[in-house]
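To keep things clear, I will list the structure first and then write my remarks on it.
We use all heavy atoms of the structure for the numbers below, so side chains are in, but hydrogens, waters and symmetry mates are not.
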Amino acid sequence: MLSNGSDCDCDVLVVGGGPAGSTAAALLAEKGHRVVLLEKDRHPRFHIGESLLPCNLPLLQRLGVLEEVERIGMLKYGAEFVSPYHGKAVTFDFANAWDKSRPYAYQVRRSEFDHILIRNAAAKGATVVEGCKVTDVEVGEGGSVATARRDDGTTRTIRARFLVDASGRDTLLASRFGIKRRNAKHNSAAMFGHFTGARRLPGKAEGNITVFWFDHGWFWFIPLADGTTSVGAVCWPYYFKTRKTDQTRFFLDTVALCPALAERLEGAELTGPVTGTGNFSYQSDRMAGPGYVMLGDAFAFIDPVFSTGVYLAMNSAFEGAEAVDACLREPTRQQQVLKRFERSVRRGIGTFSWYIYRVTTPALRNLFMGPRNVLRVEEALLSLLAGDVFRPSPIRARLRIFKVIYYANALLDFRRNHAAWRKRRQNVRAPVGEVV
């Protein structure tokens with residue numbers, strides 16, 4: 001057990017060089033802490049989750065990388081939802097949200113975006129080591145000891161006063177502690193690929209994300225600046241168990257089940273292999289403790305239907321960096337600081353989750369496809385889609401009104417919504433393995 005920082009290699013060890021880890025490393029180094037960031041891969045590297053939210057932009061500006069992201073990004077002014085059950089599409093523009101000052105976001109290639117963030121961490125003074133995977137760690141109030149293996153096969157040991165777990169879906173600490181749980185309220189898996197030649201929306205809406213509902217879940221359609229389009233299917237577990245062909249054929253057959261998407265992809269070509277992932281939704285029992293915090297996907301991952309992944313990761317890194325800094329400077333306040341940090345992040349995730357858990361229900365689809373700004377409820381919903389769920393805001397009261405409207409609509413069409421609820425309960429209980 002480490003008793004103080006005198007024999008430590010660094011003040012903070014950050015595991016993972018994605019948006020959460022790179023953001024936290026940059027902020028903590030900026031505050032004067034000795035930071036070491038270990039990333040198992042080498043950037044640039046492929047990653048899914050290309051859609052940012054308007055609330056990402058102030059965070060990128062604070063990091064000093066907004067201009068770089070603007071150069072690689074595709075402007076995204078809103079989100080389009082396409083419903084075969086209503087025979088139409090509806091677009092929500094961020095400019096109509098409660099806060100009119102954030103009217104757009106960006107779609108980005110994650111290989112480029114993540115590379116910008118990790119280079120920024122190094123520029124701010126963090127020691128960045130790529131090709132170095134943490135294989136074991138011991139955490140305690142006195143500090144942490146991590147064992148890591150370089151991609152040349154050699155190992156190293158690092159002692160740190162504080163550990164930031166930003167290991168993403170590897171969930172380093174949650175897996176080690178045995179506290180990672182399949183989400184009891186949601187269950188899905190995904191498969192995805194990149195296309196060239198996909199038909200986009202015209203004019204200003206060209207960069208908008210489109211969400212297509214279909215009988216087994218939903219699709220994303222994310223245009224990127226280089227002409228590539230990211231397309232993915234997020235489905236219930238039972239659907240993946242019906243696969244009898246290879247992954248690519250199964251994916252293309254799934255696209256064919258959604259005529260509106262198939263039309264957009266007519267003549268388009270896949271640029272690489274189709275990738276899949278199972279166990280898509282999970283959460284850990286806790287996200288902080290003596291000497292450690294978990295950020296972003298290292299703590300939890302929910303369905304990406306509202307493009308929340310990168311934003312939640314970066315926001316948790318901003319809040320986590322403040323918490324870690326306070327813990328290092330005033331160790332006696334550690335318990336109080338970490339409790340406040342965890343409460344704030346859980347509240348934001350919970351706000352998104354309520355809508356995500358219901359996004360395939362008839363009642364919510366009806367409300368999305370027939371938006372009305374009664375009592376400024378639509379403006380509040382747009383603010384939610386923009387990511388504005390953490391700061392104090394009047395939208396909270398309006399979102400409560402939206403929930404009342406949702407439950408009223410569910411009662412008006414009780415039979416269909418009850419059937420959907422029963423089907424969803426069955427799907428949530430069903431285990432899903434890795435999609436390969």
**Message:** For a quick check under 3.5 Å, do Lys185 and Ser353 share a side-chain donor-acceptor pair by atom type?
**Reply:** no
**Item:** Pairwise side-chain contact, Thr229 with Leu224, heavy-atom cut-off 4.5 Å (strictly under)
**Value:** no
**Message:** If you compare all heavy atoms of Ser344 against all heavy atoms of Phe390, which two are closest, and at what distance to 0.1 Å?
**Reply:** O-CE2, 3.6 Å
**Item:** Side chains of Asp114 and His47, donor plus acceptor under 3.5 Å
**Value:** no
**Asked** If you look at every heavy atom in Pro223 and Phe221, which pair is closest and at what distance?
**Response** CD-O, 3.6 Å
**Request:** Applying side-chain contact (heavy atoms from CB on, under 4.5 Å), run through Phe318 and Leu59 and close with a yes or a no.
**Result:** CA-CA 8 Å; Phe318 267 81; Leu59 305 184; 3.7 Å; yes
**Request:** Taking the side chain as every heavy atom from C-beta outward, state whether His33 and Asp325 have any atom pair closer than 4.5 Å.
**Result:** yes
**Request:** Side-chain contact test, heavy atoms from C-beta onward, threshold under 4.5 Å: evaluate it for Ile209 versus Ser307 and give yes or no.
**Result:** yes
**Message:** We want to know whether Trp220 and Ser230 form a side-chain donor-acceptor pair, criterion being a heavy-atom distance below 3.5 angstrom.
**Reply:** yes
**Any side-chain heavy-atom pair of Phe299 and Tyr282 under 4.5 Å** = no
**Message:** Would the distance check show the side chain of Asn120 and the main-chain N or O of Ile116 forming a donor-acceptor pair, the cut-off being under 3.5 Å?
**Reply:** no
**Request:** Using modelled atom types only, decide if a donor and an acceptor are shared between the side chain of Lys180 and the backbone of Asp285 within a distance under 3.5 Å.
**Result:** no
**Request:** Work out which heavy atom in Thr351 is nearest to a heavy atom in Tyr355; give both atom names and the distance.
**Result:** O-CD1, 3.2 Å
**Prompt:** Please walk me through it: do Leu53 and Lys76 pass side-chain contact (heavy atoms from CB on, under 4.5 Å)?
**Reply:** CA-CA 9 Å; Leu53 300 182; Lys76 165 188 172 184; 4.1 Å; yes
**Side chain Asp246, main chain Arg249, donor-acceptor under 3.5 Å** = yes
**Prompt:** Does Glu80 pair with Arg264 as a salt bridge, N-O distance under 4.0 Å?
**Reply:** yes
**Asked** How about Tyr77 and Pro54: do any of their side-chain heavy atoms sit closer than 4.5 Å?
**Response** no
**Request:** Tell me yes or no: between the side chains of Asn373 and Glu379, is some donor less than 3.5 Å from an acceptor?
**Result:** yes
**Minimal non-hydrogen separation, Phe251 against Val274, with atom names** = CD2-CG2, 3.7 Å
**Asked** Rounded to the nearest 0.5 Å, what separation is found between the CZ atom of Phe240 and the SG atom of Cys235?
**Response** 4.0 Å
**Asked** Are Thr361 and Arg416 close enough that a side-chain donor and a side-chain acceptor fall under 3.5 Å?
**Response** no
**Item:** His43 side-chain N/O to Glu112 backbone N/O, donor-acceptor pair under 3.5 Å
**Value:** no
**Request:** May I ask you to test the Leu57-Leu66 pair for a side-chain heavy-atom distance under 4.5 Å?
**Result:** yes
**Request:** Return yes if a side-chain donor-acceptor contact under 3.5 Å exists between Asp215 and Tyr85, otherwise no.
**Result:** yes
**Request:** Report yes or no: is the cationic atom of Arg376 (NZ for Lys, CZ for Arg) closer than 6.0 Å to the six-membered ring centre of Trp98, at no more than 45° off its axis?
**Result:** yes
**Request:** May I ask you to decide if the ring planes of Tyr106 and Tyr104 are parallel, tilted or perpendicular, using 30° and 60° as cut-offs?
**Result:** perpendicular
**Asked** So, do Val69 and Phe113 sit near enough that their side-chain heavy atoms are less than 4.5 Å apart?
**Response** yes
**Item:** Full working for side-chain contact (heavy atoms from CB on, under 4.5 Å) between Leu28 and Phe162
**Value:** CA-CA 11 Å; Leu28 288 163; Phe162 213 97; over 6 Å; no
**Request:** Take Asp11 and Arg34 through the salt bridge (charged side-chain N to carboxylate O under 4.0 Å, His left out) test and state the conclusion after the steps.
**Result:** CA-CA 5 Å; Asp11 296 316; Arg34 296 172 300 152; 3.1 Å; yes
**Request:** State whether a side-chain donor-acceptor pair under 3.5 Å links Tyr406 with Asn417.
**Result:** no
**Request:** Anything under 30° is parallel, anything over 60° is perpendicular, the rest tilted; go ahead and classify Phe306 against Phe368.
**Result:** parallel
**Request:** Return yes if a side-chain donor-acceptor contact under 3.5 Å exists between Tyr239 and Thr254, otherwise no.
**Result:** yes
**Request:** List the steps and the verdict of side-chain contact (heavy atoms from CB on, under 4.5 Å) for Phe341 and Glu322.
**Result:** CA-CA 9 Å; Phe341 158 70; Glu322 290 295 325; over 6 Å; no
**Asked** Hey, mind stepping through Lys40 and Asp170 against salt bridge (charged side-chain N to carboxylate O under 4.0 Å, His left out) and telling me if it holds?
**Response** CA-CA 11 Å; Lys40 67 177 182 178; Asp170 287 350; 2.8 Å; yes
**Prompt:** Of all heavy-atom pairs between Leu295 and Ala24, which one has the smallest distance, and what is that distance?
**Reply:** CD1-CB, 3.7 Å
**Complete:** One should read off an interatomic distance between Phe352 CZ and Leu385 CG, to the nearest 0.5 angstrom, of 8.5 Å
**Asked** Distance-only, no hydrogens or angles: does the Asp165 side chain make a donor-acceptor pair with backbone N or O of Leu173 under 3.5 Å?
**Response** yes
**Prompt:** Is the Trp213-Phe81 ring centre distance short of 6.0 angstrom?
**Reply:** yes
**Prompt:** Passes salt bridge (charged side-chain N to carboxylate O under 4.0 Å, His left out), Arg199 versus Glu263? Steps please.
**Reply:** CA-CA 8 Å; Arg199 185 169 63 80; Glu263 183 181 353; 3.4 Å; yes
**Prompt:** Does the distance from a Lys or Arg side-chain N to an Asp or Glu carboxylate O, for Asp151 and Arg42, drop under 4.0 Å?
**Reply:** yes
**Request:** Indicate the ring-plane relationship of Tyr357 and His186, choosing parallel, tilted or perpendicular according to the 30° and 60° boundaries.
**Result:** parallel
**Message:** Checking the side chain of Ser167 only, and the main-chain atoms of Leu172 only, is there a donor and an acceptor separated by less than 3.5 Å?
**Reply:** yes
**Asked** Any donor-acceptor pair under 3.5 Å linking the side chain of Gln107 with the backbone of Gly207?
**Response** yes
**Request:** Measure the CD-CZ distance between Gln283 and Arg346 for me, rounded to the nearest 0.5 Å.
**Result:** 5.0 Å
**Request:** Would you confirm whether Tyr311, through its side chain, and Gly387, through its main-chain N or O, come within 3.5 Å as a donor-acceptor pair?
**Result:** yes
**Request:** Output the distance between atom CE (Met287) and atom CG (Leu338), rounded to the nearest 0.5 Å.
**Result:** 10.0 Å
**Asp93 (side chain) donor-acceptor with Gly78 (main chain) under 3.5 angstrom** = no
**Message:** How close do Gly17 and Ser22 get, counting heavy atoms only, and between which atoms?
**Reply:** O-OG, 3.1 Å
**Request:** Using a cut-off of 6.0 Å, state whether more than 12 heavy atoms not belonging to Gln61 lie near its atom CD.
**Result:** no
**Item:** Passing option when Glu50 is tested against Arg110, His194, Arg109 for side chain to side chain donor-acceptor pair (under 3.5 Å)
**Value:** His194
**Item:** Close side-chain approach of Val137 and Val15, heavy atoms under 4.5 Å
**Value:** no
**Message:** Working to the nearest 0.5 angstrom, can you tell me the gap between Leu384 CG and Phe92 CZ?
**Reply:** 11.0 Å
**Message:** Whether the side chain of Lys241 engages the backbone of Pro237 through a donor-acceptor N/O pair (distance < 3.5 Å, no angle test) should be reported.
**Reply:** no
**Message:** Rounded to the nearest 0.5 Å, what separates atom CD in Gln247 from atom CZ in Phe192?
**Reply:** 9.0 Å
